[in-house]
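Reading through the structure tokens given below for one structure.
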There are 2 protein chains.
Amino acid sequence: MYTIKDVASKAGLSQATVSRVINNHPYVSEEKKRAVQQAMAELGYVPNSSAQRLRNLKTKKIAVLVSRIVNPFFSQLVDAMEKRAAISGFQVILCNTRIDREKELEYFQLLKSKQVDGIIMASVENTWEVIEPFTKYGPIIYCNEYDPAARVTRVRLDQIEGGYIGTKHLLDKGHQKIAYCQGNDSSVSTNRRIGFLKAVTEAGITPEPAWMFKNIFTIEDGREIFRKLHALSCTPTAVFTGSDEVAAGIIKEAQQHSWRVPEDLAVIGFDDQPIAALLDPQITTINQFTTDIGITAMNVMLEIIHNPSVNKPQDILLPIRLIERQST
Amino acid sequence: MYTIKDVASKAGLSQATVSRVINNHPYVSEEKKRAVQQAMAELGYVPNSSAQRLRNLKTKKIAVLVSRIVNPFFSQLVDAMEKRAAISGFQVILCNTRIDREKELEYFQLLKSKQVDGIIMASVENTWEVIEPFTKYGPIIYCNEYDPAARVTRVRLDQIEGGYIGTKHLLDKGHQKIAYCQGNDSSVSTNRRIGFLKAVTEAGITPEPAWMFKNIFTIEDGREIFRKLHALSCTPTAVFTGSDEVAAGIIKEAQQHSWRVPEDLAVIGFDDQPIAALLDPQITTINQFTTDIGITAMNVMLEIIHNPSVNKPQDILLPIRLIERQST
DNA sequence: TTGTAAGCGTTATCAA
DNA sequence: TTGATAACGCTTACAA
């Protein structure tokens with residue numbers, strides 16, 4: 001492995017001059033600059049980034065925490081973030097928490113030990129009390145998560161609105177008996193439920209506890225939900241799922257039990273994943289403009305890193321939209 | 001930010017002793033060990049990893065290169081790898097090349113500049129001639145890619161067999177006019193084509209050039225393919241797609257043109273992604289045991305990092321299997 | 001415009 | 001069993 005010293009002696013110059021060339025400093029004569037560049041090329045020299053970081057305390061890396069990378073919403077989000085980051089020469093470290101509090105905490109050490117310049121949390125497992133102490137080691141922002149207690153910048157959708165318009169749509173279609181699925185007790189799920197409850201309450205309906213489900217994430221979870229509903233004496237006529245994957249699972253299982261969708265059971269998804277437009281019936285869903293969220297969040301993070309004084313908690317809301325298809 | 005110096009003076013000991021405690025060296029008295037640990041805890045000290053790396057030339061990070069993270073095959077693969085890596089205290093850096101040669105090359109700098117301990121290539125854009133020079137900076141292995149010229153360890157599936165059994169299945173169903181889609185000219189695609197050609201040739205069929213398509217990746221690409229086939233005077237009765245996403249696109253577009261699948265057009269996918277079992281008709285596909293590939297590849301990489309002398313090119317083949325559903 | 005040299009935080013060698 | 005100190009490779013005052 002060649003070092004800056006090797007380049008310097010090969011070019012017959014000092015390390016300082018080589019360093020200046022590497023970092024594009026002014027006040028280097030064209031002639032020496034060329035000599036250095038040639039020496040670097042001949043040796044195939046690449047600066048040791050650990051040494052650079054030790055000096056600069058900058059890593060040009062951003063950690064993105066997601067709970068389930070296999071969820072297309074998250075992989076699309078990470079894709080968008082990575083694209084934006086690359087333009088500014090930053091790399092993304094994918095941190096897959098698997099909905100695990102402890103694992104999330106481990107990832108915070110990345111910030112503490114200066115392995116990343118900032119953290120974007122596209123999922124949040126721990127409470128703000130636990131997370132807050134880490135903010136002094138570097139910027140942390142929330143993306144698509146909302147915790148009223150958290151004093152951080154967040155880029156998000158109005159999930160209350162999302163829960164509301166989705167439920168309102170089912171009510172408008174004449175449904176009175178509506179089941180409700182959600183993931184864990186994240187802010188996203190909690191706010192969607194607030195929206196859901198707001199809509200049904202406005203319609204003068206009392207939500208049925210037996211139709212409210214938690215910790216529902218996957219296609220298989222969706223299938224399970226249908227089997228549970230099917231076993232009840234009194235079944236709902238519609239389901240708000242909070243996820244296209246869950247919706248897909250419910251729909252397939254329902255069809256296998258010879259139920260018609262939406263006639264026997266209306267199902268509404270969330271996210272507008274590719275799958276939503278492919279099923280038969282196509283799934284009515286709520287579009288989150290995933291790419292926009294990712295790019296916006298990364299923009300904010302890069303801005304904060306570039307100019308830490310802008311790191312005042314902001315609340316950036318992006319639009320949300322119902323996409324009516326055939327499953328409702 | 002606290003350093004080892006702060007811990008040392010707080011504990012009234014030398015930096016060397018603190019370092020020994022951090023690294024679990026022998027010959028530290030229990031008493032001083034406790035003193036150091038207490039000092040570290042009180043300060044909330046975390047070692048600066050850049051400094052550690054500069055000394056050790058170890059990063060505990062592995063770069064995983066994929067061409068499209070939004071492809072569920074890759075996100076599942078990365079998920080499996082990350083899971084295995086985490087068990088050994090390693091982190092995965094997700095490198096999304098977007099099928100871009102230049103971008104892939106940039107990621108190789110990670111190895112050269114000592115930012116990762118190794119690279120797993122789940123996609124390969126450059127030729128072996130271009131990649132080979134980087135192998136002297138650290139271990140590089142191929143995962144699910146096969147280039148006969150490449151002198152690297154590879155964990156892979158027999159893609160020739162995959163192409164063969166998929167095509168054989170269509171032939172067994174009585175199809176004589178079979179179209180063929182593939183991605184770019186990667187080894188995966190190339191080998192599948194070899195298998196495809198082997199099967200049709202054995203059946204005494206001459207492949208029709210107008211039915212052979214390249215650079216087909218997405219659902220939308222699949223839709224486009226159907227429109228192209230539809231416009232031909234002589235249309236095939238079956239399509240080998242090389243991807244469940246592409247298969248899904250073809251099927252949906254065909255249905256929108258009132259073609260029946262599989263009666264008017266049989267379609268076979270690849271990967272056994274969740275989507276394959278959800279469409280109507282469910283997609284016949286070829287299972288790649290994604291999780292197994294990911295874990296195996298990561299196992300191999302960790303072993304090489306742990307003991308570089310084992311880095312002799314091996315060829316590890318994992319099983320492949322046809323999953324017959326309704327689209328053929 | 002260039003060079004010298006100190007220092008970033010850690011670990012390993014050597015001496016005590 | 002502990003401590004002093006020299007690296008690791010790089011950047012940046014400061015001096016020339």
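We name chains A, B, ... by the order of the sequence lines, and we start the count at 1 in each one.
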If the threshold is 4.0 Å, N to carboxylate O, is there a salt bridge linking B:Arg68 and A:Asp79?
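Salt bridge absent between B:Arg68 and A:Asp79.
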
What are the bounds, 5' to 3', of the part of DNA chain C that sits under 4.0 Å from heavy atoms of chain A?
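First and last nucleotides in contact are C:dT1 to C:dG9.
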
In this structure, are over 12 heavy atoms from other groups packed under 6.0 Å from [X] atom [atom1]?
X	atom1	result
B:Lys33	NZ	no
A:Phe289	CZ	yes
A:Lys83	NZ	no

CG on A:Leu65 to CG on A:Asn126, rounded to 0.5 Å
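The distance works out to 10.0 Å.
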
How far does OG of B:Ser88 sit from NE2 of B:His306, to the nearest 0.5 angstrom?
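Reported to 0.5 Å precision, the distance equals 9.5 Å.
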
Between B:Leu13 and A:Tyr45, who's closer to the 5' end of DNA chain D by nearest nucleotide?
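Taking each residue's closest nucleotide, the earlier one in sequence belongs to B:Leu13.
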
If we fit an axis to the first five pairs and another to the last five of the helix from C:dT1-D:dA16 to C:dA16-D:dT1, what angle do they make, to the nearest 10°?
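Here the local axes at opposite ends form an angle of 40°.
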
Need one value for B:Tyr2: base, sugar-phosphate or nothing, where a base atom within 4.0 Å counts as base even if backbone is also close, heavy atoms only.
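Here B:Tyr2 touches no strand at all.
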
Nucleic acid contacts - residues 14-33 of chain A versus DNA chain D, non-hydrogen atoms under 4.0 Å
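Only A:Gln15, A:Ala16, A:Ser19, A:Arg20, A:Asn23, A:His25 qualify.
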
Looking only at non-hydrogen atoms, find the nearest pair between A:Gln288 and A:Ile293 and report the distance.
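Distance-wise, the nearest heavy atoms are O-CD1, 3.0 Å.
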
Counting only N and O atoms by type, is there a donor-acceptor contact under 3.5 Å from the side chain of A:Asp100 to the main-chain atoms of A:Thr97?
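Not confirmed, A:Asp100 side chain does not pair with A:Thr97 backbone.
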
Whole angstrom value for the distance that separates C1' of D:dG9 from CG of A:Asn56
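A:Asn56 atom CG is separated from D:dG9 atom C1' by 12 Å.
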
Where does the angle between the aromatic ring planes of A:Phe108 and A:Phe134 fall among parallel (under 30°), tilted (30 to 60°) and perpendicular (over 60°)?
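If you compare the ring of A:Phe108 with that of A:Phe134, the planes turn out parallel.
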
Kindly determine whether A:Leu94 and B:Glu82 satisfy side-chain contact (heavy atoms from CB on, under 4.5 Å), including the steps that lead there.
CA-CA 9 Å; A:Leu94 172 65; B:Glu82 194 266 350; 5.9 Å; no

